[in-house]
Every structure is written in structure tokens, then in C-alpha cells.
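Notes to accompany the following structure.
Just so you know, these numbers use all the heavy atoms, side chains as well, and skip hydrogens, waters and symmetry mates.
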There are 2 protein chains.
Amino acid sequence: MILEKKKAFNEFAAAKGLRSTRQRDIILDFFLSTHQHVSVEELYLKIKASHPGIGHATVYRTLKLFTEAGLAREILLHDGQTRYEHALAGEHHDHLVCTGCNAIIEFEDETIEKLQKEIAARHGFMIRRHKLEIYGLCALCRAPR
Amino acid sequence: MILEKKKAFNEFAAAKGLRSTRQRDIILDFFLSTHQHVSVEELYLKIKASHPGIGHATVYRTLKLFTEAGLAREILLHDGQTRYEHALAGEHHDHLVCTGCNAIIEFEDETIEKLQKEIAARHGFMIRRHKLEIYGLCALCRAPR
DNA sequence: TATGCCTTTGATTTTCAATTTCAATTACGC
DNA sequence: GCGTAATTGAAATTGAAAATCAAAGGCATA
């Protein structure tokens, strides 16, 4: 899985004429071994611990590259922090975001997707992407100890 | 309609022990006479044109108050600008956002709402609010002249 | 109407994420 | 290796939003 993704990125980089650099390898490794929905800052700090030389800007730039390459997807929640999640080809899912503990639960619903397409069609609208976030309290936070 | 909203805000202010000020009146007037989905900056500039004394911070603060009072609703799209829309009691709607011309089309879909509730229930999740945005191109931007 | 308290205002500063800049470094084709 | 052009990273910049704080202004009371 990880190897596939690395290959995918290498292909993307080759196609775009990008160079292969140590930093991009490191950032990709860390990103791939990270949980879903990692924020840029979080990833940056993790990397910095073992690779102090790596700069802020490089992490930002590289995550954008991953997004272009289709490996990552940017998610902007309501806290002003950009997060990136692992993108699996074709997959689409939405999020339940717990405002109590910041947990993010993913879900997928074909019917909702279908309805969105219908709505868009009704307005002559061409969908590029969409985002559905449900904010509230997860089961644990609803019933505190 | 406008009078009703003013009354609603006055009642809210009274209940919270807030004072009635010239600035809040002005900002409310401008907000109510503005199109949907106005950004803070946009509103600020409009107000400033005829009331140069009014400060940035006051507009920010007052829009938050309107939101608390239930007159306005905050919407955060993908461009990092906070917008406020007119909130009508009970109503809920989502947005089609045209990335070509920045038009925002509102829609409502009960079935989607219902499905969201089902999904939340399945995860033991309590919904506070949600946000659904569909990004793409509107009919006009799809078929340029 | 005057008094005084306490909210509100607005210029300014601060914050914070994200981007830009630019000189130094590095990858890579020749 | 050489040279060029991409890449990096420290630092500066941006831009939205929040915080600060002295001055101004509401409003209850006398």
C-alpha cells in the first residue's frame, strides 16, 4: 500500500518534471505512516523531531503536491487548521466531527451523493467536489463518565 | 421583515443586558439591506463609505452578536473569508458554490437531512449543526459566451 | 439634569496559519 | 564534473480574526 503510493507519487513527479528530493521522501514517509486527518502543524512537528532541518514551508508545499498527485485531500474544518487525509482513488467520504474531543468519524452514503447530483443537475450546476461535515458530539462525549 | 428583525435583535439585546448603540443600529441596517452571504470585509467597507468612524473590530463583534441573536449565520467557504447570511428561523439550507463566478446558490433537501440524522444515529452521534457545500461551475460558467 | 458605573468603541497591536521571498543548496541532464 | 534550473529553509510578509486598552458613551439612579 505504502509502496504503491510512493510509486504513484514518483510517477506524478516524473510527469510534472519534478525532482526527487530527500525532503519529499521524508515527508511522504511521515504522511503515509500518520493517522488520517493530520494537520500540517502536527505533521511538521513530528517530522522536525527526527529531521530538524526540514522547514515549515517545505511541509506546506509538499502536502499541496501530494494533493495534486491525488495522494492526499485537504480538509478544512471549523478550527482554522488545514488538515490532510489519505486519499484512496475513487473513494469519497464525509465527516462527523466531534466538537467535544475533536474525533473525526468518516462515513459514506451513496444516496446522499446521488441526491447531490440531482440537485446540481436541477440547477445546471457541474459538481467538482463537495464537502459535508456534521458537527456535534460523539457517543463518548454525549455521555460523560 | 426588517422591522421584525430589528425587534428580534432588540429583544435579544434587552435579554442579555446589552446597550443600544448607534453603531449596532447602523451595522444591523447595513446587514439587513445587504444581499445574502456578505463577507465581513465587504460589509465593513460598505459601512465605512458612509460612516468612516466605524471600526473593523466593531463589525466583527457585532456580526457575532447577530449570530448569537439568531439573525445571522456564519458560513465559511473555501476561500478563508467568513461570510454571514441572513438566518430565517427554523430554516436550513445548504450551498452550491460556483468557483467560476463565486455565485452561491441555496438549496434545501429534506431527504439529505433525514439521511444525515440516520447516519448520526448509527454512530451514536448527536448533531449540532452541519454544513454541506457543493463546489463546481454554475450553468453560466459552464457554457461561457 | 447631573453622577457614576460599566459597556462599548475603535485605533492599534497581537496572533496565527499560510504564503512569499530570496540566497544558498542540490538534483540531474549534458 | 559542469551548469542550469528546481528546491530548500530561514525569515519576512500577508491577511483574517481576536485581543488590548484608553476614551467615549449608555443608562440607572439620585
Review point. When the aromatic ring centroids of B:His95 and B:His93 are compared, is their separation below 6.0 Å?
Key: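 Yes, the ring centres sit under 6.0 Å apart.
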Check your understanding: Is the A:His37 to A:Tyr84 ring centre distance short of 6.0 Å?
Key ->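 Here the rings of A:Tyr84 and A:His37 have centres that are no less than 6.0 Å from each other.
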Regarding [X], tell me which of base, sugar-phosphate or nothing describes its non-hydrogen contacts under 4.0 Å with the strands shown.
| X | result |
| --- | --- |
| A:Gly17 | nothing |
| A:Glu41 | nothing |
| B:Arg61 | base |

Could you tell me how far apart [X] ([atom1]) and [N] ([atom2]) are, to the nearest whole angstrom?
| X | N | atom1 | atom2 | answer |
| --- | --- | --- | --- | --- |
| B:Tyr84 | D:dA17 | OH | P | 8 Å |
| B:Leu18 | D:dG25 | CG | C1' | 15 Å |
| A:Lys48 | D:dT8 | NZ | P | 15 Å |
| A:His56 | C:dT21 | NE2 | C1' | 17 Å |
| A:Ile54 | C:dT26 | CD1 | C1' | 14 Å |
| B:Leu76 | C:dA17 | CG | C1' | 14 Å |
| A:Asp79 | D:dA18 | CG | C1' | 16 Å |
| B:Leu63 | C:dT9 | CG | P | 12 Å |

Which one, [options], comes nearest to the side chain of [X]?
| X | options | value |
| --- | --- | --- |
| B:Ala57 | C:dT8, C:dA11, D:dG9 | C:dA11 |
| B:Arg19 | D:dG25, D:dA10, D:dA17 | D:dG25 |
| A:Ser20 | C:dG10, C:dC28, D:dA18 | C:dC28 |
| A:Arg24 | D:dT7, D:dA17, C:dA17 | D:dT7 |

Is the phosphate of [N] approached by [X] (side-chain N or O, under 4.0 Å from OP1 or OP2)?
| X | N | value |
| --- | --- | --- |
| A:Gln23 | D:dT7 | no |
| B:Thr21 | D:dG25 | no |
| B:Lys64 | D:dA17 | no |

Exercise for review: With DNA chain D as reference, determine whether B:Arg22 or B:Tyr60 sits nearer its 5' end, using the nearest nucleotide of each.
Suggested key: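 Taking each residue's closest nucleotide, the earlier one in sequence belongs to B:Tyr60.
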Review point. Are A:Arg128 and B:Tyr135 in a cation-pi contact, defined as NZ or CZ under 6.0 Å from the six-membered ring centre and within 45° of the axis?
Key: no
Study note, to complete from the structure: Checking B:Lys48, B:Lys46, B:Glu41 against B:Tyr44 for side chain to side chain donor-acceptor pair (under 3.5 Å), the one that qualifies is B:Lys48
Point to revise | Pairwise distance CD(B:Glu74) to OG1(B:Thr67) - rounded to 0.5 angstrom | key: 5.5 Å
